Protein chains: 2
Amino acid sequence: MASANTFLRQQPLLQLLQQTDGEISAQELHQRLRATRHRAGLATVYRVLKQLQQAGIVRCRKLPSGEAVYAPVDRDEHHLTCVQCGHIQTLPLCPISSGSLGLGVVVMQGFRPLFHTFEIHGLCRRCQQNEISGNV
Amino acid sequence: MASANTFLRQQPLLQLLQQTDGEISAQELHQRLRATRHRAGLATVYRVLKQLQQAGIVRCRKLPSGEAVYAPVDRDEHHLTCVQCGHIQTLPLCPISSGSLGLGVVVMQGFRPLFHTFEIHGLCRRCQQNEISGNV
DNA sequence: GCTAGAACGACAACCATTCTCATACTTGGG
DNA sequence: CCCAAGTATGAGAATGGTTGTCGTTCTAGC
């Protein structure tokens, strides 16, 4: 159950997330926390991240590499990912905030949306060029 | 380089994917392939899946559990995922096919899109109810 | 048939994440 | 102020999907 103590844990981690540009992994958060007076075990970092996620404060996304990266939900960014080299660039498009897609259907099903991910996977310019010449 | 042999590997795997409802993991594909005369090592299954993905034939998505699931790209399905219990349901919404979102920006950046993922994460009805009564 | 190069697969290695469990802390009584 | 019960913590082990290794097998061209 969420005690006052729980919130004390969440706060420094949340601050770190907000100070960080882009997305950050749990491992990296753990490292950075070590440098402060709020150091916490890796297990705790994962526990707190899960709480923040379920509270709708933080969002999470899996990279192709398998590691999960986190960011505040209010930072509504999406991404282009190259399926070959894994290179990532941010995507200036959001189906939700652009108002082009309603979530009515979702809510009607009794589901409470907290955050969404929208990603486009493909080949970046560089990998397309390599494909033509060197080929893989 | 892609030899005729390579394509022979891809075909049975692709058939399995097309015969399967929804998404399927590499491990599961490997298991099912064992039952046929097209059995292949796990490493090969992963290799072929990567080729099919880079060829724009198959798409891939990571579940919260960490495992990757695959499906033919032409099956344009997206998902609702509960951040608590992990329950998944399909989502009758697509920002691309609904025409509400153009990919012009992406292409203009020299990026060649192959597939996209759109997921909404939140709390399913059951988990919302448990939250009220039992609380976590 | 022979050779060079590609593909294969069994198994080891990797690594992010989760689990375990003994310890430390918090809180509400007494 | 002290105690007991219930939580939270963290070090390290365990897990498990994925990727790397490397000797073997296959293919294509001659």
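As the structure is a prediction and not an experimental result, all values here were calculated from the model.
Hydrophobic clustering, defined by side-chain heavy atoms of Ile, Leu, Val, Met, Phe, Trp and Tyr closer than 4.5 Å, groups Leu123(B) together with Val73(A), Leu114(A), Phe115(A), Val83(B).
Partners of Glu23(A) by salt bridge (Lys or Arg N to Asp or Glu O under 4.0 Å), not counting sequence neighbours, listed by chain and number: Arg59(A), Arg61(A). The side-chain hydrogen bond (donor to acceptor under 3.5 Å, both in side chains) search around Ser98(B) returns Ser100(B), not counting sequence neighbours. Shown here are the side chain to side chain contact (heavy atoms under 4.5 Å, CB included) partners of His78(A), two or more places apart in sequence or in another chain: Asp76(A), Leu91(A), Cys94(A), His116(A), Phe118(A). Applying the side-chain hydrogen bond (donor to acceptor under 3.5 Å, both in side chains) rule to Gln53(B) yields no partners; only residues at least two apart in sequence or on another chain are considered. With sequence neighbours excluded, no residue forms a side-chain hydrogen bond (donor to acceptor under 3.5 Å, both in side chains) with Arg126(B). Listed by chain and residue number, His30(B), Gln31(B), Arg39(B) satisfy the side chain to side chain contact (heavy atoms under 4.5 Å, CB included) test with Arg34(B) (two or more places apart in sequence, or in another chain). Partners of Ser65(B) under the side chain to side chain contact (heavy atoms under 4.5 Å, CB included) rule, at least two apart in sequence or in another chain, are Leu63(B), Glu67(B). Under the side chain to side chain contact (heavy atoms under 4.5 Å, CB included) criterion, Ala26(B) pairs with Val45(B), Tyr46(B), Leu49(B), Tyr70(B), not counting sequence neighbours.
Contacts of residues 36-44 of chain A with DNA chain D (heavy atom under 4.0 Å): Arg39(A), Ala40(A), Gly41(A), Ala43(A), Thr44(A). Residues from residues 55-63 of chain B lying near DNA chain C, meaning a heavy-atom separation below 4.0 Å, are absent.
Straight-line distance from the CD atom of Gln27(A) to the P atom of dC14(C): 16 Å, rounded to whole Å. If you measure from atom CD of Gln31(A) to atom P of dG10(D), you get 15 Å, rounded to the nearest angstrom. The distance between atom CG of Leu49(B) and atom C1' of dG9(C), rounded to the nearest whole Å, is 16 Å. When the P atom of dT18(D) is taken as reference, atom NE2 of His30(B) falls 13 Å away, rounded to whole Å. The CG atom of Leu33(A) sits 14 Å away from the C1' atom of dT9(D) (whole-angstrom rounding). In this entry the distance linking CG of Leu29(B) with C1' of dG17(D) reads 14 Å, nearest Å.
Remark on the helix from dG1(C)-dC30(D) to dG30(C)-dC1(D): inter-end axis angle 20°, axes from five-pair C1' superpositions, rounded to 10°.
When side chains are defined from C-beta on, Val69(A) does not count as touching Ile24(A), because their heavy atoms never get closer than 4.5 Å.
Applying the 4.0 Å criterion to OP1 and OP2 of dA7(C), one finds that Arg47(B) has every side-chain N and O outside that range. For the pair Tyr46(A) and dT17(C), the criterion of a side-chain N or O lying under 4.0 Å from OP1 or OP2 is met.
Between the side chain of Gln128(A) and the main chain of Gly110(B), a donor-acceptor pair closer than 3.5 Å is present.
Comparing dT17(C), dG17(D), dC8(C) against the side chain of Arg9(B) picks out dC8(C) as the nearest. Checking dT18(D), dA16(C), dT9(D) against every side-chain atom of Glu67(B), the shortest atom distance belongs to dT18(D).
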